[in-house]
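As structure tokens, the structure follows; a few thoughts come after it.
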Amino acid sequence: MEETLFLKREEVKDINNYDFPALKKALKMKQEDVIVEVKRSTLKGRGGAGFPTGLKWELAFKEAADKKYLICNGDEGEPGTFKDRYLLEESPLKVLEGILIAAYAIGADEGYIYIRGEYAKPIRVFSRVIEEAREKGILGENIFGSGFNFDLYLVKGAGAYVCGDETSLINSIEGKRGRSRIKPPYPVEKGLFDKPTVVNNVETLASAAEIINQGADRYLSLGTEKSRGTKLVCLSGDIRNPGIYELEFGQATLREIIDDFGGGLKNGSGLKFVVPGGISTSILLEDELDIPYTYEDLDAAGSSLGSGAVIVVGEDHDLIDLMLNVSRFFMDETCGTCFPCREGNRQIYHMLKWKKNGFTAKERQLIKDIGKTIHLAARCGLGQTSLNFISSVLDKFEDELMVRGDINVEG
Ligand SMILES: Cc1cc2nc3c(=O)[nH]c(=O)nc-3n(C[C@H](O)[C@H](O)[C@H](O)COP(=O)(O)O)c2cc1C
Ligand code: SF4
């Protein structure tokens with residue numbers, strides 16, 4: 001099966017050999033027309049929430065303010081996700097081009113790129129790109145003689161998953177503790193230093209640059225009615241060919257992605273389940289994989305496309321070990337602001353730790369009830385999605401997880 005290349009088409013890394021075609025085209029257009037083109041493409045944000053990019057830009061554009069900011073979110077903390085690292089290393093100029101186009105469209109003259117602290121190579125590559133772009137006048141004043149001024153600064157993350165959340169990330173750039181803000185106000189109204197701010201994912205901005213370059217019509221010709229274009233899928237886990245694949249939405253089913261792109265499970269192992277969108281999403285079983293890879297089909301299957309991280313889990317893994325691993329992650333990564341997220345995730349971790357022999361129906365219900373409470377009370381997406389994986393494993397492997405032995409909740 002062939003990869004459809006929309007985003008990975010050209011990967012020029014030398015700034016002297018890159019002409020910034022999309023940026024030059026955008027700078028000749030009115031800001032409103034750039035926004036209309038991106039809106040027409042129906043591009044959805046690739047950071048996980050899938051918010052329409054053109055609409056976000058329009059909201060920020062319409063805000064009256066003496067200063068606006070553009071932030072590129074390269075925190076990429078969702079386990080199993082490594083597409084932004086790929087783009088920052090292999091297509092940094094396209095990412096820069098997307099940042100400049102978005103900034104021009106909304107009227108920002110200053111921006112930040114926030115890169116996960118562990119990403120040493122992307123940080124090195126992108127720092128050099130910023131320096132070279134300044135030297136060549138692609139950052140700074142009167143870019144390509146258009147009258148558009150913009151400068152960009154790189155901020156390294158310090159290792160907190162919650163700082164990928166746009167409001168925590170804004171706090172972190174401001175030098176404050178990385179924890180989520182209450183919304184509204186949304187960043188497009190009151191973001192960095194209380195100014196209108198657009199936060200977009202790395203892949204979103206690179207896609208926007210290609211949409212301006214190749215045109216919204218080309219983008220609209222790819223994918224399905226509700227999922228246009230292509231997506232970078234991060235394939236990992238117990239498969240033969242892990243890696244990044246650019247797929248046209250609807251072109252392949254999840255099973256085909258695993259078998260044809262991923263080469264099937266390694267070591268002849270059978271499949272236990274698939275996590276289709278990173279560990280914040282619900283699992284799918286073997287008999288649920290014959291669905292096209294689109295936003296709408298994954299939603300209908302009770303999961304979500306999330307960040308594009310497809311994690312394949314072979315039959316030999318212990319379910320409680322897997323749940324403990326995920327639970328530990330959320331217990332460690334909660335920012336602690338909301339009591340149910342902080343204490344609930346901790347309680348669930350300890351229940352899983354004590355219940356190595358399985359669960360009674362009452363215990364399973366208790367975990368799910370705590371999960372519901374976290375979901376209802378959570379200020380941000382971390383808490384809201386922290387139980388998706390565990391709840392879905394408990395539901396789908398009910399028989400396997402039935403208690404073996406008479407162990408009470410206190411362990
Ligand atoms: C806990 C948490 C972590 C997140 N991590 C990331 C991340 O690493 N990268 C990202 O682009 N978006 C992440 N997001 C989503 C952002 O809040 C935001 O929606 C996104 O950066 C907007 O860009 P987009 O519209 O281009 O998707 C995260 C959200 C939450 C709640
Ligand atoms: S839901 Fe969790 S991570 Fe999000 S703000 Fe509340 S405590 Fe922090």
Side-chain angles (χ1 to χ4, degrees), residues 38 43-57 59-60 70-85 87-88 95 98-99 102 106 112-119 122 157 159-173 177-183 186-188 191 197-209 231-232 234 277-281 295 304-309 329-346 371 373-388:
V38 175
L43 172 66
K44 292 177 180 153
R46 301 294 195 236
F51 191 83
T53 307
L55 176 60
K56 191 184 276 191
W57 292 10
L59 292 169
L70 187 282
I71 298 176
C72 176
N73 188 345
D75 195 49
E76 198 158 64
E78 179 79 21
T81 316
F82 40 93
K83 67 191 174 71
D84 295 339
R85 184 183 78 193
L87 287 171
L88 291 167
V95 176
I99 292 173
I106 66 164
Y112 290 83
I113 178 161
Y114 190 97
I115 303 183
R116 180 184 172 132
E118 295 93 332
Y119 278 5
Y161 170 62
V162 77
C163 283
D165 163 70
E166 57 188 5
T167 60
S168 309
L169 185 149
I170 286 170
N171 276 338
S172 171
I173 294 177
R177 190 176 145 196
R179 59 180 184 183
S180 300
R181 295 179 179 177
I182 292 172
K183 293 192 274 192
Y186 293 94
V188 287
T197 302
V198 160
V199 181
N200 271 141
N201 173 257
V202 169
E203 185 187 354
T204 311
L205 290 167
S207 302
K231 174 85 190 80
L232 294 187
C234 317
I279 63 162
S280 302
T281 63
Y295 284 101
S304 136
L305 193 129
S307 57
F329 175 79
F330 285 107
M331 178 180 73
D332 287 347
E333 295 298 335
T334 167
C335 80
T337 306
C338 317
F339 174 80
C341 175
R342 185 183 71 226
E343 292 306 319
N345 276 303
R346 195 169 64 86
T373 309
I374 298 174
H375 184 86
L376 284 171
R379 181 188 283 193
C380 85
L382 186 150
Q384 284 157 7
T385 59
S386 58
L387 260 291
N388 283 344

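In each ligand, atom 1 is the first atom listed, and ligand 1 is the first ligand listed.
The residue from G164, S307, P52 that puts a heavy atom closest to atom 4 (C) of ligand 1 is G164. Comparing N201, D75, I71 against atom 23 (O) of ligand 1, the shortest heavy-atom distance belongs to N201.
For atom 2 (Fe) of ligand 2, the count of nearby protein N/O/S atoms, taking only those under 2.8 Å, is 1.
Between the side chain of E118 and the main chain of G159, no donor-acceptor pair closer than 3.5 Å is present. At distances below 3.5 Å, not a single donor-acceptor pair connects side-chain atoms of K83 with backbone N or O atoms of E76. In terms of modelled atom types and a separation under 3.5 Å, the side chain of R342 and the main chain of P340 share no donor-acceptor contact. Side-chain N or O atoms of S207 include one that pairs as donor or acceptor with a backbone N or O of E203 at under 3.5 Å.
Atom 10 (C) of ligand 1 has as its closest protein heavy atom N73 ND2, 3.1 Å. Protein heavy atom in closest approach to atom 27 (O) of ligand 1: G47 N, 2.7 Å. Of the protein's non-hydrogen atoms, the one nearest atom 29 (C) of ligand 1 is D165 CA, 3.6 Å. Looking only at protein heavy atoms, the nearest one to atom 1 (C) of ligand 1 is L382 CB, 3.6 Å. The protein atom (non-hydrogen) at minimum distance from atom 8 (O) of ligand 1 is E76 N, 2.8 Å.
The number of heavy atoms from other shown groups lying within 6.0 Å of CG (L376) is above 12.
Of the listed residues (N73, L232, V95), just one forms a side-chain contact (heavy atoms from CB on, under 4.5 Å) with V202, and that residue is V95. Partner of R181 under the side chain to side chain donor-acceptor pair (under 3.5 Å) criterion, out of T337, T167, N171: N171 alone.
Ligand 1 lies nowhere less than 4.0 angstrom from a heavy atom belonging to E78. The shell of residues lying under 4.0 angstrom from ligand 1, judged by heavy atoms, includes K56.
Between G157 and D75 the shortest heavy-atom distance is CA-OD1, 4.4 Å. Here the closest non-hydrogen pair linking C380 and V162 is SG-CG2, 4.4 Å.
Every side chain to side chain donor-acceptor pair (under 3.5 Å) that Y161 has, sequence neighbours left out, goes to E78, S280. Scored by the side chain to side chain donor-acceptor pair (under 3.5 Å) test, Y112 finds no partners at all (sequence neighbours excluded). Residues forming a ring pair (Phe, Tyr, Trp, His ring centres under 6.0 Å) with Y186 (at least two apart in sequence, or on another chain): none.
Both the backbone and the side chain of E166 come within contact range of ligand 1, each with a heavy atom under 4.0 Å. Contacts between T204 and ligand 1, counted as non-hydrogen atom pairs separated by less than 4.0 Å, involve the side chain only.
Under 3.5 Å, the side chains of D165 and S180 contain a donor-acceptor pair of N or O atoms.
Of all the atoms in ligand 1, the ones that sit under 4.0 Å from a non-hydrogen atom of G381 are 31 (C). Near R46, with a cut-off below 4.0 Å to any heavy atom, the atoms of ligand 1 are 26 (O), 27 (O). Proximity to G77 (heavy-atom distance under 4.0 Å) selects the following atoms of ligand 1: 8 (O).
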